Amino acid sequence: MNGTIGKAAKQRVSDIPHDESAIGNHELAGTLGDFLSRWQRGVDNLAKDGREISARLTASVKAYSDAEQAAHGDLYGILQQNGTDPGAK
């Protein structure tokens, strides 16, 4: 996810040729420039949201991993104290 977001952030919408010489019409070039500017803001906001989602998912993975390790440690400790598997009875 981070790789895709990084690639999207490196490619700027404003790099699309939109000057009068590329478009051939002054008014159309201005309109396209305005559109590309708004489009870039949208892409930037989506990338920002994607980074936030990625950070939250990463934090969730860490929390689950920590909980699993703690539960494993607790169960291992119980087995070590009793010497037998309580579920085997």
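Counting begins at 1 with the first residue of the sequence. Predicted model, so just to flag it, every value in this text is computed and none were measured.
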Donor-acceptor list for residues 65-73 side chains, cut-off 3.5 Å, not counting sequence neighbours:
unit_1: Asp66; atom_1: OD2; unit_2: Lys62; atom_2: NZ; d: 2.8

Subject >> Ala55: side-chain contact (heavy atoms from CB on, under 4.5 Å) partners, not counting sequence neighbours >> reply: none

**OP:** Taking side-chain contact (heavy atoms from CB on, under 4.5 Å) as the test, write out the residues that go with Ser54, two or more places apart.
**Re:** Met1, Asn2, Thr58

**OP:** Scan for salt bridge (Lys or Arg N to Asp or Glu O under 4.0 Å) pairs involving residues 9-18, sequence neighbours excluded, and state none if there are none.
**Re:** Arg12-Asp44

Subject >> side-chain contact (heavy atoms from CB on, under 4.5 Å) assessment of Leu57 paired with Ile53 >> reply: CA-CA 6 Å; Leu57 287 172; Ile53 290 168; 3.9 Å; yes

Original post:
Are Val43 and Leu32 co-members of a hydrophobic cluster defined by side-chain heavy atoms under 4.5 Å apart?
Top reply: yes

Subject >> Partner set under side-chain contact (heavy atoms from CB on, under 4.5 Å) for Asn45, not counting sequence neighbours >> reply: none

Show me the donor-acceptor pairs, under 3.5 Å and distance only, between side chains in residues 16-28 and residues at least two apart or in other chains.
unit_1: His18; atom_1: ND1; unit_2: Ile16; atom_2: O; d: 2.8
unit_1: Asp19; atom_1: OD1; unit_2: Ala22; atom_2: N; d: 3.3
unit_1: Asp19; atom_1: OD2; unit_2: Ser21; atom_2: OG; d: 2.8
unit_1: Glu20; atom_1: OE1; unit_2: His26; atom_2: ND1; d: 3.3
unit_1: Asn25; atom_1: OD1; unit_2: Glu27; atom_2: N; d: 2.9
unit_1: Asn25; atom_1: OD1; unit_2: Leu28; atom_2: N; d: 2.8

**OP:** Scan residues 45-55 for pairs that pass salt bridge (Lys or Arg N to Asp or Glu O under 4.0 Å), counting only residues two or more places apart or in two chains.
**Re:** Glu52-Arg56

Subject >> side-chain contact (heavy atoms from CB on, under 4.5 Å) partners of Arg38, counting only residues at least two apart >> reply: Asp34, Phe35, Arg41

